[in-house]
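Residue numbering restarts at 1 for every chain, and letters A, B, ... go by the order of the sequence lines. Quick caveat: nothing in here was measured; it's all calculated off a predicted structure.
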Amino acid sequence: MLLISNGRVLDPASGADAPRDILLDGDRITAVAPQGQLAARSKGAEIFDAAHLVVAPGFIDLHCHLREPGGESSETIETGTRAAARGGFTAVCPMPNTRPVNDNASVTRSILERASAVSSVRVWPIGAASAGSKGEALAEIAAMKQAGIVAVSDDGRPIASAKLLRQVMDYCRALDLPVIDHCEDSSLFAGAVMREGKQSVRLGLRGMPAATESLAVARDVQIGELTNCRLHIAHLSARASLELVRAARAKGLPVTCEVTPHHFTLTDEDVQYDSCYKMNPPLASREDRDALIAGLIDGTVDAIATDHAPHEPALKDVEFDRAPFGITGFETALALGLDLVYSGRLSLMRLVELFTSGPARVLGMKRRIAENEPGDLTIFSTDHNWTFRAEESASKSRNSPFDGRSFRGAPMATIVAGRIAYRR
Amino acid sequence: MSHRFGHMLGIEPLSTDEIVFLLDQSKLFQEIQRHPLKKLATLRGKTVALAFFEPSTRTRISFATAASRLGADQMNLQADSSSLKKGESLLDTVRTLEAMKPDCIVMRHSSSGASDFVARHLPLPVINAGDGTHEHPTQALLDALTIRDRRGTIEGLNVTILGDILHSRVARSDIHLLAKFGCRFTLCGPTMWLPQELECLGPAGTSIRRVTRIAEALEDADVIVTLRVQQERLHEPALALDEYILQYQLTPQRLRLARPDALVLHPGPVIRGHEIDSAVADGPQSCVLEQVTNGVAVRMALLFLMIGSGTDAPTEKDSSHAAD
């Protein structure tokens with residue numbers, strides 16, 4: 001038994017924001033009650049004193065790369081999930097672009113077996129949409145669903161053929177799986193390494209316009225309408241894309257989207273000749289960044305997802321245009337979100353929703369703090385001052401533009417299935 | 001006045017004082033180009049590593065000549081002979097060079113920012129001899145020296161740049177340099193090579209206009225910089241060459257639209273009959289060969305200032321400039 005006492009419990013699903021004690025037994029929550037009332041029931045329980053801390057439902061990250069199998073020199077399920085736990089995440093959804101690609105049930109099962117042996121948090125794999133993510137034929141989606149995938153995506157290798165995307169969505173509609181798309185028009189993308197704008201012209205780096213993303217979002221939304229399949233737009237970065245999502249929602253279409261902490265924090269003006277500023281989609285304009293924040297506030301954005309994309313130094317310490325896209329993100333996500341709360345733009349409740357019930361809804365799940373719910377909780381401080389040091393990260397990789405940045409607020413404990421997976 | 005240059009990665013961060021100082025220093029080395037015996041012992045015992053990761057003839061020879069005339073030894077690395085093709089990373093390659101203990105690295109690379117990247121990782125002065133489509137600082141310095149020699153000043157001139165501005169490191173460095181001295185720019189070429197964001201180069205308040213008609217671009221020009229059409233740098237299908245020639249070739253007839261004393265500069269290599277007509281390239285307004293000669297002087301000055309002892313005057317006169 002574990003008793004979380006004296007905490008401020010924030011539960012976006014019910015709107016509750018009150019001092020509560022929470023008792024966990026086994027892998028479940030067994031009681032939630034005003035402070036002190038669980039004393040009799042919790043005799044002998046381990047006690048976590050959450051005084052002055054926020055107790056939230058367990059955070060879910062819809063978008064990450066754990067690199068196993070095939071990329072173990074950059075990350076493993078063990079190191080990646082340890083970093084996730086340090087970031088307050090109780091469940092993470094690794095994308096299928098491993099080697100081999102997670103496009104069949106045996107790869108899915110091997111990932112889950114490995115996770116059950118070494119993982120700090122829950123691992124909910126995302127399966128490939130097409131075989132080998134090659135964009136030619138459907139992957140073995142039904143078998144992967146039986147094995148445990150929660151969604152499909154060809155992240156990193158977006159489906160170019162509208163016809164294939166339609167087939168994927170038709171098929172996933174029947175299987176009740178969301179289709180997550182990394183929206184990118186490859187012909188506009190060709191060779192680009194950052195967002196097109198003043199900074200790309202100044203640095204002499206090849207840029208892509210925002211339309212690279214929004215053109216694909218427009219196509220996806222229309223194919224979504226054709227199939228009535230749940231569509232989730234990954235790492236949305238442009239105002240034009242957000243407006244398309246808003247319009248689709250207004251029509252009642254099942255379209256959701258996520259935004260990463262780096263896209264709501266940084267802009268293309270921050271880009272330097274340092275591959276820690278190179279990710280796809282690239283850092284956007286100031287206007288786009290401000291529109292993303294507005295989307296986080298008004299509810300158009302469903303989830304904050306990290307797109308944690310570790311790359312070992314040997315891969316990333318090269319010329320900017322030769323470096324792979326991607327940065328790490330688990331350990332800085334909450335603190336970057338809290339920056340929006342401190343600047344008065346986002347409510348704390350809404351921020352927690354973006355990490356919990358928001359992403360759960362995308363996956364067709366619920367996330368709340370109540371009796372009999374899974375014992376997943378994220379306990380964080382809103383005033384703990386600390387500095388992120390990439391070299392001290394639990395991840396195997398160091399590629400973060402936030403190395404050396406000082407933050408206010410941090411996860412203090414991550415509880416997964418009734419057990420403390422991480423404690424600061 | 002005297003300045004120290006830790007690295008020379010681009011023109012953008014330099015002050016006007018630093019640029020004037022570099023140009024003044026270059027004057028001293030210009031004189032040496034006219035001497036029958038051109039070799040100095042100023043950098044005797046020093047070694048300059050020339051690391052060219054992208055094919056280059058004139059810039060590499062110019063730096064090599066500059067180093068030789070200062071008495072420095074050289075290490076040469078060229079893309080086709082390097083281990084890059086065997087998969088060695090840029091960092092490993094330059095660390096290997098560094099282990100042979102040169103005093104500075106002059107590098108050219110096809111990636112924008114490659115010299116910044118190397119400068120961040122090596123404890124050695126780095127001179128950027130052209131990085132991708134970013135900067136080519138010594139080209140801008142030699143252009144400025146050439147203009148100053150002919151016009152007496154680089155201040156407040158009308159500068160027209162013709163061609164593929166978007167993919168030109170020469171255009172960027174020229175704009176950064178001349179904008180610091182109040183020059184006004186007209187950039188001219190096909191629209192896809194003239195993004196609006198080019199207007200934001202240079203210090204705040206810099207006058208940069210973009211035009212697609214060459215007649216409009218040449219009007220009132222004091223300086224015309226013609227750029228080579230860099231087909232190797234274009235990721236997308238380029239404009240048909242004949243279309244470019246038809247609209248943008250600098251011909252004697254078009255040159256008459258500029259001021260009568262307008263200078264014509266070209267970073268080379270000149271492709272006669274493409275961006276420039278032979279009669280213009282060889283005409284009295286052309287500065288092409290002076291640019292080449294001045295390139296050696298500018299590079300000698302830079303090497304001297306960056307790795308010289310700082311006490312050994314390059315010439316008999318004005319030795320106070322050399323002291324730091």
Side-chain angles (χ1 to χ4, degrees), chain A residues 73-74 185-212 267-278 282-288 311-325 390 398-399 401 403-404, chain B residues 9-13 53-54 84 87-95 107 109-121 128 130-136 165-173 175-176 187 192-202 208 210 230 233-237:
Chain A
S73 53
S74 291
D185 180 296
S186 58
S187 64
L188 269 178
F189 177 84
V193 298
M194 70 176 289
R195 174 64 80 80
E196 180 179 290
K198 285 179 202 172
Q199 189 75 337
S200 70
V201 166
R202 188 173 83 84
L203 295 175
L205 292 173
R206 190 167 173 79
M208 69 185 96
T212 307
T267 71
D268 62 342
E269 293 165 43
D270 294 302
V271 175
Q272 310 160 24
Y273 292 125
D274 174 345
S275 63
C276 285
Y277 291 89
K278 181 175 175 183
L283 296 173
S285 67
R286 190 175 286 262
E287 297 72 38
D288 280 331
H311 292 290
E312 61 178 313
L315 292 172
K316 209 63 173 163
D317 259 0
V318 298
E319 301 90 316
F320 193 93
D321 55 3
R322 291 174 200 206
F325 292 99
R398 303 288 173 254
N399 50 311
D403 185 24
Chain B
L9 303 176
I11 295 293
E12 192 183 1
F53 297 94
E54 184 185 62
L84 289 185
E88 191 179 43
S89 74
L90 173 60
L91 213 46
D92 284 333
T93 305
V94 295
R95 278 181 178 147
M107 70 173 273
H109 197 289
S110 60
S111 294
S112 299
S115 47
D116 290 66
F117 170 74
V118 168
R120 216 167 50 237
H121 284 91
N128 179 8
D131 63 323
T133 56
H134 176 228
E135 281 230 45
H136 191 356
I165 320 283
L166 177 61
H167 298 102
S168 173
R169 56 194 172 207
V170 174
R172 275 180 186 70
S173 289
I175 293 170
H176 283 308
L187 312 180
M192 65 275 202
W193 293 343
L194 282 184
Q196 192 192 347
E197 290 83 3
L198 285 169
E199 293 173 7
C200 303
L201 291 175
I208 299 179
R210 301 172 295 134
Q230 302 186 81
R233 239 180 258 298
L234 302 178
H235 295 254
E236 69 269 0

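Annotation: side chain of Arg172(B) is in contact with side chain of Val201(A) (closest heavy-atom distance under 4.5 Å). Two residues are said to be in side-chain contact when any heavy atoms from C-beta on lie closer than 4.5 Å; Leu203(A) and Ser112(B) fail this criterion. Considering only heavy atoms from C-beta on, Ser110(B) comes within 4.5 Å of Arg322(A) through its side chain. Within the 4.5 Å cutoff, no side-chain heavy atoms of Val318(A) are placed close to those of Leu91(B).
Of the atoms belonging to Glu12(B), it is side-chain heavy atoms, and not backbone ones, that fall under 4.5 Å from chain A. Contacts of Leu198(B) with chain A are made by both backbone and side-chain atoms, with heavy-atom separations under 4.5 Å.
In terms of the side-chain hydrogen bond (donor to acceptor under 3.5 Å, both in side chains) criterion, residue partners of His134(B) (sequence neighbours excluded) are, by chain and number, Tyr273(A), Asp131(B). Take Gln199(A) and apply the side-chain hydrogen bond (donor to acceptor under 3.5 Å, both in side chains) test, not counting sequence neighbours, and it matches Arg202(A).
When every heavy atom of Asp274(A) is checked against every heavy atom of Arg120(B), the shortest pair comes out as CA-NH2, 3.9 Å. Nearest heavy-atom pair across Ala114(B) and Glu319(A) is CB-CG, 4.2 Å. Nearest heavy-atom pair across Gly204(A) and Thr133(B) is O-OG1, 2.5 Å.
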